[in-house]
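Below is one structure, written out as structure tokens, with a few remarks after it.
Every number for a ligand or one of its atoms is a count from 1 in the order of the listing. Every heavy atom of this structure was used, including side-chain atoms; hydrogens, water molecules and symmetry mates were not.
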Amino acid sequence: MFGLMMDTPLLISSIARHADRRFGDQEIVSFTIDNPRHRYTYRDAFARARKLANALAQAGLKEGDRVATLAWNDYRHFELYYGVSGSGLVCHTINPRLFADQLVFIINDAADKFLFLDPVFVPVVEAILPRLDSAPSFVILTDDEHMPETSFDAVSYEAFIADASEEFEWPEIDEKSASALCYTSGTTGNPKGVLYSHRSTVLHSLGVSLPDVFDLCATEVVMPIVPMFHVNAWGIPYATALTGSKLVFPGPKMGDPAVLQALIEEEGVTTSAGVPTVWQGLLAYLDATGKRIDSVKSFIGGGSAVPYSLMQAYEERYGVNLVHAWGMSETSPLGTMFHTSPALEKAPAEVQVAARASQGAPPFGVELRIVDEDGTELPHDDDAVGALQIRGPWIASGYFGGGGEGSFHDGWFDTGDVAAISPLGYMRIADRSKDLIKSGGEWISSIELENIAVGHPGVKQAAVIAMPDEKWQERPLLVIVREDAGDATSAPVTATELLGYFDGKVASWWIPDAVAFVDAIPLTATGKISKLDLRKQLGAGDLTVER
Ligand code: ADP
């Protein structure tokens, strides 16, 4: 027997309608290339999103067609999120930092009909245009006055929507319809498209808004420093509209701590999300300038492991709770986030520290398990380490256009991460399976070693990769960017000193064999340490290894 309740579809347009009615006066502030403080309201944003929906319909686009974006976080990108998805089209966000080959692959694979781009990305498009199967229509995210020179036909965004009506009836499509498309960075093989649905997006937005997750409500001020071109800025542009939080977009300044601090202070930001490198950069800036971020209650850190020493630094020096989260493109991205519990509060201090340092626990909607090589489930005893699998209504069930079949089995998605789960349910990522170091048949966690290394005051950044070894097959190599010496009296940290620093912190056979000091560690298009490139540098003899 079915219940007798309304079958109202969960649509992105339902978030827009709610925010428009309920939080119309709430502000959206953006730093853009031509205006360091663009300011308007949710009401203004959704009126323009409806104009955009009309303009796209007039251009002849049909339900399910892909509309691509190549843009930083700002109000026009926000309008695209709603105008495109809300009208039944698929908002395909593209990472502009990808290599040309990947961009060509992605645009051809998605068969984008339109491409909306920031003026700064005109050269990126010009470089790949000859290699596209069929050119999309181009709209540049600016007005006629600021239109850049282009070698291709393009109109300005403001001109594109200017004559379209503000009246638009968001269509009642199936909630399982595709809403957005985002390709994984493709560190192995070609990028794979993750195709989100309206239902998955609305449920994910509800999930991340919960008190033990991002804790959003209408009095919060949220600044996503995670790009809107990567996993929907962790769902923040939807969740903030759903809860009525004020939104602050840093535009092209996501890597500029001075702008981030100014936005935080002037706009009263209470919470923000970003990868650890963003938090490291901001901390160094605050420490050096003595500036404050007193409005902030919490920062969310994820995308790669957040060192516990960084959480402590924020807590002690700025009263900010830096909370650890884990996820990936295929998981929308929220998989786990740290939150406390009565049981944890009663646990011994070291258990509490380990839980805070861990990647956290799944919220309602997410189930996790760890399995061994035969697929047998492993116990949650904080000791057993296995392949991390996940399932739930906002977890991918396949890729756009197929592929990656090996990752989907028995209704679970294999994340490619290896992890342990504690008796209290906290999950600890040991490594990506391809980054684990296998020494004499036993594995060593590169993440754990990196977390220890960055706790040394002489270390700015650390990465651990496998170094081929005749006896043990692989041994850990520590790649280090030194902290700039603040005063001439403190000598730069040496290899011996660093290796000695691991004594007593890990089993002796986990201690790296050698150190390579470098000026910079290569990053991927999403700003994470590129171990693939480091391994290539090692293979090519480009790293000077000190023992
Ligand atoms: P890619 O980095 O390949 O583009 P994603 O952005 O989807 O793909 O990243 C997902 C991966 O990032 C996860 O599988 C995991 O390995 C890593 N990751 C994300 N958050 C964390 C975290 N808090 N700690 C450790 N690793 C993390």
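- Using a 4.5 Å heavy-atom cutoff, the side chains of E330 and T415 are not in contact.
- In this structure, of H324, R432, M427, M328, the residue bringing a heavy atom nearest to atom 11 (C) of ligand 1 is R432.
- Looking at V306 next to ligand 1, no N or O pair under 3.5 Å apart turns up.
- In this structure, the ring of F249 has its center no less than 6.0 angstrom from the ring center of Y75.
- Annotation: S329 places an N or O atom under 3.5 Å from an N or O atom of ligand 1; distance criterion only.
- For ligand 1, the atoms sitting less than 4.0 Å from at least one non-hydrogen atom of G327 are 10 (C), 13 (C), 19 (C), 20 (N), numbered in the order shown with element in parentheses.
- The ring of H92 has its center closer than 6.0 angstrom to the ring center of Y183.
- Geometrically, ligand 1 and T415 share no nitrogen or oxygen pair separated by less than 3.5 Å.
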Check step by step if salt bridge (Lys or Arg N to Asp or Glu O under 4.0 Å) holds for E367 and R391.
-> CA-CA 5 Å; E367 278 180 81; R391 70 177 176 191; 3.1 Å; yes

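- None of Y238, F116, F229, Y196 except one satisfies the ring pair (Phe, Tyr, Trp, His ring centres under 6.0 Å) rule with Y81; the exception is Y238.
- The shortest heavy-atom distance from A325 to ligand 1 is under 4.0 Å.
- Under a 4.0 Å heavy-atom criterion, G416 is not in contact with ligand 1.
- Taking all atoms of both residues into account, the shortest heavy-atom contact from V306 to M311 is O-CE, 3.7 Å.
- Within ligand 1, the atoms closer than 4.0 Å to a non-hydrogen atom of G303 are 12 (O), 17 (C), 18 (N), 19 (C), 20 (N), 21 (C), 27 (C), numbered from 1 in the order shown.
- Heavy-atom proximity to atom 22 (C) of ligand 1, evaluated over A430, S304, S358, G302, is greatest for S304.
- At least one N or O atom of K528 sits closer than 3.5 Å to an N or O atom of ligand 1.
- In terms of heavy atoms, E450 sits closest to A462 at CG-O, 3.7 Å.
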